[in-house]
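Since the structure comes first, as structure tokens, the remarks are kept for the end.
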Number of protein chains: 2
Amino acid sequence: MTGYAPAEAARRSGFSLDTLRYYEKIGLLADVSRTSGGQRIFTDDDLGWLVLFRCLRDTGMPIAQMCRYAQLAREGEHTADERRELLKRHAVRVEEQMRLLQRQYDHLREKIRFYEQLPGSGSESG
Amino acid sequence: MTGYAPAEAARRSGFSLDTLRYYEKIGLLADVSRTSGGQRIFTDDDLGWLVLFRCLRDTGMPIAQMCRYAQLAREGEHTADERRELLKRHAVRVEEQMRLLQRQYDHLREKIRFYEQLPGSGSESG
DNA sequence: TTCCAACCTGGAGTGCGCTCCAGGTCAACC
DNA sequence: GGTTGACCTGGAGCGCACTCCAGGTTGGAA
């Protein structure tokens with residue numbers, strides 16, 4: 001079992017050191033092992049969790065919900081259904097988010113095209 | 001020139017009344033006209049701006065940057081190039097955001113598929 | 001063994017974008 | 001003229017997700 005120093009875990013996960021400590025403090029990341037002197041050692045398993053958290057954060061899941069998910073996972077196998085449903089509901093929200101983003105991106109492109117077609121006078125709104 | 005009461009402008013723009021007042025306070029929305037008694041009347045032009053702000057907010061532009069854009073627009077025609085470039089740079093960031101979102105969405109779907117294929121034991125990370 | 005960069009803790013502070021509040025005013029209708 | 005609901009102001013407060021800090025400890029290299 002490879003172990004990673006805090007700085008290395010931060011580098012690999014893309015979270016800052018402070019964020020890793022924060023995630024542990026709020027109970028999102030649990031049972032991070034330590035040296036005899038008290039310094040953290042992150043395992044590949046911890047890194048796996050961090051990759052998941054990165055995915056969920058990037059797709060806009062609130063931290064409270066990630067905590068719920070992590071808590072369920074800690075409770076064991078029998079929560080697998082609930083975890084799956086949690087992820088599926090999140091996926092639906094992400095799909096909506098993607099559609100909205102695409103739609104507003106199209107508006108933005110149209111606005112830009114307007115600027116590019118127009119070497120003369122502009123509209124008032126924008 | 002049609003005028004809209006604050007509540008109607010809020011409804012049409014999707015921003016709350018407080019947000020409309022806030023946008024005016026920070027100078028994002030300027031020169032909103034008033035009744036003799038001091039109550040706001042939003043014009044179609046104001047609404048046009050609000051639609052643009054909605055687009056920019058939904059695509060993640062910080063308010064400070066929207067203020068910059070609005071300021072440029074107020075300065076007149078000669079800032080059109082700069083405004084266009086501002087929007088184009090933003091569009092690039094939105095494209096990156098869309099790619100990231102798609103990528104993380106794919107990870108999420110994969111995770112869900114994992115749960116669905118698996119009526120037995122699960123992995124540690126997630 | 002000494003050094004010093006990396007690490008530790010608890011807790012305060014930050015930035016963003018609103019959101020809420022108290023206390024008062026306006027205006028449309030009865 | 002009275003009522004009532006929408007509106008006004010300045011300013012405080014909030015929720016989120018970190019981020020920073022002071023003051024102290026650890027541990028690997030020279």
Side-chain angles (χ1 to χ4, degrees), chain A residues 2-43 46-47 49-50 52-71 90 93 97 100 104, chain B residues 3-43 46-47 49-50 52-70 90 93 97 100 104:
Chain A
T2 323
Y4 306 100
E8 180 66 10
R11 200 188 59 73
R12 290 189 182 231
S13 66
F15 291 113
S16 77
L17 218 64
D18 267 316
T19 298
L20 294 184
R21 288 196 273 252
Y22 167 69
Y23 281 1
E24 196 181 345
K25 179 149 52 180
I26 63 174
L28 182 53
L29 205 54
D31 304 318
V32 175
S33 65
R34 305 289 185 120
T35 65
S36 57
Q39 311 211 178
R40 288 175 184 80
I41 302 166
F42 293 87
T43 63
D46 293 328
L47 263 289
W49 274 102
L50 290 173
L52 176 61
F53 295 155
R54 173 97 280 158
C55 167
L56 298 178
R57 288 297 296 122
D58 284 348
T59 51
M61 182 183 281
I63 281 186
Q65 214 163 119
M66 303 200 312
C67 286
R68 169 110 184 97
Y69 180 89
Q71 180 57 38
H90 179 59
R93 283 189 298 271
Q97 193 188 335
L100 175 62
Q104 298 292 39
Chain B
Y4 306 99
E8 180 66 11
R11 200 188 60 73
R12 290 188 182 231
S13 67
F15 291 112
S16 77
L17 219 64
D18 267 316
T19 299
L20 294 184
R21 288 196 273 251
Y22 168 69
Y23 281 0
E24 196 181 344
K25 178 149 56 179
I26 64 174
L28 181 53
L29 204 56
D31 303 320
V32 176
S33 65
R34 305 290 184 119
T35 64
S36 57
Q39 311 211 181
R40 288 174 184 80
I41 302 166
F42 293 87
T43 63
D46 294 327
L47 263 290
W49 275 102
L50 290 173
L52 176 62
F53 295 154
R54 174 97 279 158
C55 166
L56 298 177
R57 287 298 294 122
D58 284 349
T59 52
M61 182 183 282
I63 281 186
Q65 213 162 118
M66 304 200 310
C67 285
R68 169 111 184 96
Y69 181 90
H90 179 59
R93 283 190 299 271
Q97 192 188 335
L100 174 62
Q104 298 292 39

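Letters go in sequence order (proteins before strands), and every chain restarts at 1.
In the 5' to 3' direction, nucleotides of DNA chain D lying under 4.0 Å from heavy atoms of chain A begin and end at D/dA17 to D/dG27.
Residues B/Gln104 and A/Arg54 have side chains in contact (heavy-atom distance under 4.5 Å, counting atoms from C-beta outward). Considering only heavy atoms from C-beta on, B/Ile63 stays 4.5 Å or farther from B/Phe53 through its side chain. For the pair A/Arg34/A/Ile41, no side-chain contact is recorded, criterion being any heavy-atom separation below 4.5 Å from C-beta on. The closest side-chain heavy-atom distance from B/Lys25 to B/Tyr23 is not below 4.5 Å. Between B/Thr59 and A/Leu100 the shortest side-chain heavy-atom distance does not fall below 4.5 Å.
For A/Gln65, the side-chain contact (heavy atoms from CB on, under 4.5 Å) partners two or more places apart in sequence, or in a different chain, are A/Met61, A/Pro62, A/Leu86, A/Arg93. With sequence neighbours excluded, the residues that form a salt bridge (charged side-chain N to carboxylate O under 4.0 Å, His left out) with A/Arg11 are A/Glu8. Every residue two or more places apart in sequence or in another chain that forms a salt bridge (charged side-chain N to carboxylate O under 4.0 Å, His left out) with A/Arg21 is listed here: A/Asp18.
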Go through the steps to decide whether A/Tyr69 and A/Leu52 satisfy the test side chain to side chain contact (heavy atoms under 4.5 Å, CB included), and finish with yes or no. CA-CA 11 Å; A/Tyr69 180 89; A/Leu52 176 61; 3.6 Å; yes
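Of all the residues in residues 31-41 of chain B, B/Arg34, B/Gly38, B/Gln39, B/Arg40 reach under 4.0 Å from DNA chain D with at least one non-hydrogen atom. Heavy-atom distances under 4.0 Å link DNA chain D to A/Ser16, A/Asp18, A/Thr19, A/Tyr22, A/Tyr23 of residues 14-27 of chain A, given in residue order.
Map B/Ala5 and A/Arg57 each onto its nearest nucleotide of DNA chain D; the residue landing nearer the 5' end is B/Ala5.
Checking B/Val32, B/Leu28, B/Leu29 one by one against B/Trp49, the side-chain contact (heavy atoms from CB on, under 4.5 Å) holds for a single residue, B/Leu29.
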